[in-house]
Amino acid sequence: MAAELALIVLSTVLVNNFVLSKMLGLCPFVGVTKNVENSMGMGMAVIFVIFLASVSGWFVNKFVLVPFNITFLRTVVFILLIAALVQLVETVMRKSFPALYKALGIYLPLITTNCVVLGAVILIMNREYGFFQTITYGIGVPVGFYLALFIISHIREQLAMAKIAKPLQGAPITLITTGLLALAFMGFSGLVRE
Amino acid sequence: MLAEILTLGGLGALAGLGLGLAAKKFHVDVDSRITEIDNALPHAQCGACGYPGCMPFAEAVVAGLAPLTGCTVGGAAVARAVASIMGRTIEVPDERLVARILCKGDCEKAVTKFDYEGADDCNAAVLVAGGNKSCVYGCLGLASCVKACPFDAMYMSPFGIPVIIEERCTGCTLCVEPCPKDLVVMIPETSRVVVECRSHDRGATTKKACEIGCTACNACVKICPYDAITLGDNVAVIESKKCTNCGLCIPICPTDSITDFRWGLRKAEVYDPCTGCRICAKVCPTDAIKGELKMLHVVDLSKCISCGICVERCPVEGAMAMVDMTKLAQKPLVLIPAPGAKAQPKQTAAAEAPTDSARA
């Protein structure tokens with residue numbers, strides 16, 4: 001059990017990194033990684049939201065969708081669920097944990113409709129994970145996302161001072177760098193067989 | 001079919017109910033003044049006030065941390081609105097400030113010491129022997145100020161000197177700080193004549209380094225009828241309070257370092273009541289007025305520099321007036337960019353905000 005969970009973490013963080021292998025969530029990846037501080041804020045918000053979304057998604061799937069045999073409605077239901085959940089968490093957090101609310105700031109509502117969150121929840125259901133596997137997956141995926149943001153934001157802070165050909169400035173050079181980074185991450189693919 | 005509708009509808013209703021209840025139960029009281037101030041602000045979210053955006057600034061004002069006049073973009077009108085929301089009255093001058101670049105030494109006019117190949121940033125370039133311009137006071141032309149402008153109010157001329165689009169400049173001062181040579185200054189909008197050079201080198205040195213630099217020749221100081229120009233440390237400075245924008249100093253400057261920002265000039269016109277006394281022709285500093293004694297005089301518009309001295313001195317009522325020539329002469333008196341240069345504003349990187357780009 002423990003070995004399996006460890007494998008899930010290893011797999012989601014390094015081998016099947018959502019950004020660098022599945023190419024999901026590229027919008028925040030390009031959008032907020034101009035400086036390290038912003039991307040870390042976004043990373044923390046993603047960890048928070050994906051964990052909550054995958055756990056609650058698992059419950060809804062097991063006790064609502066599967067018993068009523070309407071699993072084809074997954075996408076719609078999960079979007080509804082994630083949106084409502086994030087809103088709820090934001091409201092509660094604002095009252096009860098103002099410090100955390102200030103730290104996550106605008107990133108929390110921004111991440112609501114992101115494909116990384118939905119992708120993680122839907123993949124969990126496709127793989128028919130158990131509860132503990134879901135929790136592990138729900139932590140592993142956003143940590144991998146956080147790692148990717150961390151690396152690219154540091155690279156971009158360096159790139160900002162480099163002389164880059166005009167047509168490649170901004171998003172293009174970021175995507176090229178992302179491709180190279182993804183190539184580097186392919187080196188991890190031998191670690192886990194999936 | 002029914003199960004699907006019920007499930008989805010039920011989930012939606014449940015979520016809505018939960019959110020509604022949560023909003024009630026976890027309601028956070030926000031000072032109404034914060035939203036009022038936020039509404040009064042320009043919402044440029046530029047951060048010129050030192051806070052991340054307009055809302056944080058509003059919060060800081062209510063908390064007493066930020067000054068009522070903190071919003072430089074909004075200017076006097078917003079400062080008054082903020083003050084009235086806070087139940088206070090303040091006195092703010094109406095004067096609008098505009099950024100000006102105190103250097104015209106572009107790649108054609110100024111001599112360079114070496115080819116700079118380093119990082120594309122003025123503050124990096126200045127570390128290499130103080131920059132590659134022969135004039136140590138000169139603009140390095142790597143657009144650090146332009147990149148800092150959140151309003152697209154600046155662009156680089158094709159010759160490597162920043163140009164300010166006055167209509168867009170909000171006076172936020174964000175461009176002042178990035179300049180390693182302190183060349184960006186805030187000048188009242190009403191000052192239309194500016195010495196665009198701040199070389200403190202002696203005249204001969206300036207002349208060698210840049211053909212458009214102020215050589216401190218004293219010509220403008222002598223001609224100024226209002227004593228508005230002073231020579232301080234080898235550079236002429238126009239005092240905006242005394243300057244009447246007469247423009248006498250502009251043609252007299254041997255190096256063209258005084259820039260004319262008086263778009264839509266008013267020029268002298270002579271009308272029928274003119275008795276032909278020749279007083280105006282005598283006082284005209286540029287010999288722009290022609291005409292025989294006791295004959296209707298004519299103003300040579302190409303020579304008239306809009307100083308208005310003739311109108312002041314004309315003894316006959318209704319014989320002379322300053323007339324807005326913008327309809328006649330459409331050509332604005334801009335020295336940079338050069339003719340034919342495109343005046344397209346450059347897209348600044350600062351405009352990219354996480355708000356738009358982070359949504360998937």
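Order of the sequence lines fixes the chain letters, A, B, ..., with proteins taken first and strands second; residue numbering starts at 1 for each chain.
Atom CE of A:M23 has more than 12 neighbouring heavy atoms from other residues, nucleotides or ligands inside a 6.0 Å radius. Around the NZ atom of B:K25, the shell of radius 6.0 Å holds no more than 12 heavy atoms that belong to other residues, nucleotides or ligands. At most 12 non-hydrogen atoms from other residues, nucleotides or ligands lie less than 6.0 angstrom from CD of B:E177.
Within residues 112-123 of chain B, the residues that have a heavy atom under 4.5 Å from a heavy atom of chain A are B:Y116, B:E117, B:G118, B:A119, B:D120, B:D121, listed by number.
For chain B, the nearby parts of A:V77 are the backbone and the side chain; heavy atoms of each come within less than 4.5 Å. Proximity to chain B is limited to the side chain of A:I70, based on heavy atoms less than 4.5 angstrom apart. With a 4.5 Å cut-off on non-hydrogen atoms, A:F29 does not touch chain B at all. Residue contact with chain A, scored on non-hydrogen atoms closer than 4.5 Å, involves the backbone and the side chain of B:A22 alike.
In this structure, A:V64 and B:T7 have side chains that are in contact, with non-hydrogen atoms separated by less than 4.5 Å. Considering only heavy atoms from C-beta on, A:F72 comes within 4.5 Å of B:E4 through its side chain.
For the atom pair OG1 (A:T91) and CG (B:L21), the distance works out to 11.5 Å, reported to the nearest 0.5 Å. Taken to the nearest 0.5 Å, the CG atom of B:L2 stands 10.5 Å off from the CZ atom of A:F68.
Nearest heavy-atom pair across B:H27 and A:K95 is O-NZ, 3.3 Å.
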